Amino acid sequence: MEVLQPEWDFYFCNVEGKLASIMLDLSLYGIAPLSQRNCLIQVAVDLIDPDERGLTIPSEAEKLFVMEDMLAEQLAQTLQGLYVARSTSDGKRIFYFYAAAMVGFQGIVDEVLGSFSEYSYGSQAFSDPDWAMYTQFLYPTTHEFHSILNRRALDQLRAQGMGTDQVHTLHHHFEVENETHRLAILRKAKEKNFRAIKRPSDPSSMLVLKRDDQLSTEELEKVTAYLLNLAEKHDGVYKGWQAAMMA
């Protein structure tokens with residue numbers, strides 16, 4: 001089976017200077033491109049009542065969910081269309097599908113959107129055998145992906161009853177092959193009050209640091225951004241964090 005269990009999630013970014021929300025099936029990255037689905041179909045819908053950021057409000061989102069489901073169902077049935085993502089920005093929502101063919105796609109889109117006559121829309125289809133739209137535009141960068149992981153971890157901690165407005169000891173994991181680079185990361189991290197749990201000289205490529213921080217989204221974004229940049233500067237990979245009680 002070429003398609004894995006879907007793993008839908010979202011993140012925020014900037015597209016052409018505008019705030020954007022991108023929702024996508026992350027599971028497809030490891031198997032893209034799918035050679036039998038090399039045609040990209042995009043359907044762009046103008047929002048009727050976007051909020052001040054250009055994103056959707058809850059009442060309109062419900063109607064767009066119905067539209068999304070209808071498009072996904074019809075394109076899957078007729079063109080083996082695989083729904084991979086949607087983006088919302090600047091008062092517009094765009095749905096993305098990879099299909100086995102493009103012939104007849106416009107008629108399908110027109111039929112579905114005919115049930116939503118209050119909406120203006122446009123659509124296009126083109127060959128994208130490398131899935132460049134998905135891998136280079138829609139898929140999150142390393143920093144954006146860690147924002148997703150941060151949110152998931154915070155949701156888990158809240159479910160466990162841990163207060164995310166309080167300070168907790170966090171363990172940060174790195175993979176750095178070169179001992180000199182591990183020492184450099186530790187040296188710079190110490191300037192920000194991080195301390196080593198797993199020493200850089202241990203017979204492993206792993207380095208684990210700890211520091212007490214508030215488990216708020218804003219603080220975590222700052223901390224992980226700093227550590228990601230530090231790891232990249234020294235040819236390492238920042239693997240993420242755990243609260244001490246979870247470690």
Side-chain angles (χ1 to χ4, degrees), residues 4 7-15 19-32 85 130-158 160 162 164-247:
L4 305 177
E7 183 188 355
W8 287 88
D9 215 321
F10 74 93
Y11 67 97
F12 293 100
C13 61
N14 284 300
V15 176
L19 176 66
S21 171
I22 296 182
M23 182 93 172
L24 77 161
D25 182 357
L26 296 166
S27 73
L28 297 169
Y29 188 79
I31 59 174
D130 296 328
W131 280 41
M133 178 63 73
Y134 176 86
T135 58
Q136 298 177 26
F137 173 68
L138 295 167
Y139 198 81
T141 65
T142 301
H143 284 252
E144 291 161 350
F145 189 74
H146 274 274
S147 292
I148 294 174
L149 297 180
N150 285 343
R151 189 182 66 253
R152 289 179 178 178
L154 286 176
D155 288 345
Q156 182 180 359
L157 291 174
R158 292 188 183 103
Q160 295 175 355
M162 182 181 286
T164 54
D165 58 344
Q166 300 172 351
V167 172
H168 296 277
T169 301
L170 304 184
H171 294 177
H172 300 272
H173 299 257
F174 300 78
E175 188 172 295
V176 192
E177 294 294 335
N178 183 282
E179 183 178 344
T180 300
H181 289 157
R182 291 198 296 274
L183 287 167
I185 290 174
L186 177 58
R187 183 171 60 252
K188 294 299 294 184
K190 279 184 174 180
E191 297 175 5
K192 299 292 185 179
N193 298 317
F194 290 94
R195 293 294 179 265
I197 297 174
K198 188 173 181 61
R199 303 297 302 180
S201 57
D202 288 349
S204 167
S205 62
M206 294 303 299
L207 170 66
V208 183
L209 305 179
K210 69 175 182 178
R211 194 177 79 170
D212 293 343
D213 279 293
Q214 187 181 45
L215 282 174
S216 68
T217 300
E218 294 76 16
E219 287 303 312
L220 280 173
E221 289 297 305
K222 294 177 184 177
V223 172
T224 54
Y226 169 75
L227 295 176
L228 279 164
N229 288 331
L230 183 60
E232 291 170 0
K233 184 177 180 180
H234 295 283
D235 295 328
V237 178
Y238 176 61
K239 305 295 287 186
W241 60 270
Q242 291 177 304
M245 66 172 289
M246 299 172 60

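Everything numeric in this text was worked out from a predicted model, so none of it was measured. Just so it is clear, the values below take in all heavy atoms, side chains as well, and ignore hydrogens, waters and symmetry mates.
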Checklist entry - How far apart are the C-alpha atoms of K190 and L186, what are their side-chain angles, what is the distance that settles it, and do they pass the side chain to side chain contact (heavy atoms under 4.5 Å, CB included) test? => result CA-CA 6 Å; K190 279 184 174 180; L186 177 58; 4.0 Å; yes
Restricting to non-hydrogen atoms, name the atom on [X] and the atom on [Y] that form the minimum distance, rounded to 0.1 Å.
X: D25; Y: E7; result: OD1-N, 2.8 Å
X: I22; Y: C13; result: CD1-SG, 3.8 Å
X: L170; Y: A243; result: CD2-CA, 3.8 Å
X: A85; Y: W8; result: N-CH2, 3.8 Å
X: W241; Y: H172; result: CB-ND1, 3.5 Å
X: G236; Y: V176; result: CA-CG2, 4.0 Å

Validation row: [X], [Y] side chains within 4.5 angstrom (heavy atoms):
X: T142; Y: Y238; answer: no
X: V223; Y: F194; answer: yes
X: L220; Y: D213; answer: no
X: F137; Y: V15; answer: yes
X: E219; Y: L215; answer: no
X: Q166; Y: H168; answer: yes
X: Y29; Y: L24; answer: no

Item to check | Mutual orientation of the aromatic rings belonging to H181 and H234 [parallel < 30°, tilted 30-60°, perpendicular > 60°] | outcome: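 Taking H234 first and then H181, their aromatic rings sit tilted (interplane angle of 30° to 60°).
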Calculate, to the nearest 0.5 Å, the distance between atoms [atom1] and [atom2] belonging to [X] and [Y] respectively.
X: L230; Y: R187; atom1: CG; atom2: CZ; result: 10.0 Å
X: L157; Y: Q242; atom1: CG; atom2: CD; result: 10.0 Å
X: H143; Y: E232; atom1: NE2; atom2: CD; result: 4.5 Å
X: E175; Y: L207; atom1: CD; atom2: CG; result: 11.5 Å
X: M133; Y: L138; atom1: CE; atom2: CG; result: 6.5 Å
X: K188; Y: N229; atom1: NZ; atom2: CG; result: 12.5 Å

Return yes if some donor-acceptor pair links the side-chain N/O of [X] with the main-chain N/O of [Y] below 3.5 Å, else return no.
X: D130; Y: A132; result: no
X: R151; Y: F10; result: yes
X: R211; Y: T169; result: no

Checklist entry - side-chain contact (heavy atoms from CB on, under 4.5 Å) with F174: which of V208, L209, V237? => result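 Answer after filtering V208, L209, V237: L209.
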Item to check | For Y11, ring pair (Phe, Tyr, Trp, His ring centres under 6.0 Å) partners two or more places apart | outcome: none
Next on the checklist: Checking Y226 now: which residues fulfil ring pair (Phe, Tyr, Trp, His ring centres under 6.0 Å) with it, not counting sequence neighbours?
Outcome noted: none
Next on the checklist: Strictly below 4.0 Å, N to O, side chains only: are D9 and R152 in salt-bridge contact?
Outcome noted: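 Looking at D9 and R152, the cut-off is met.
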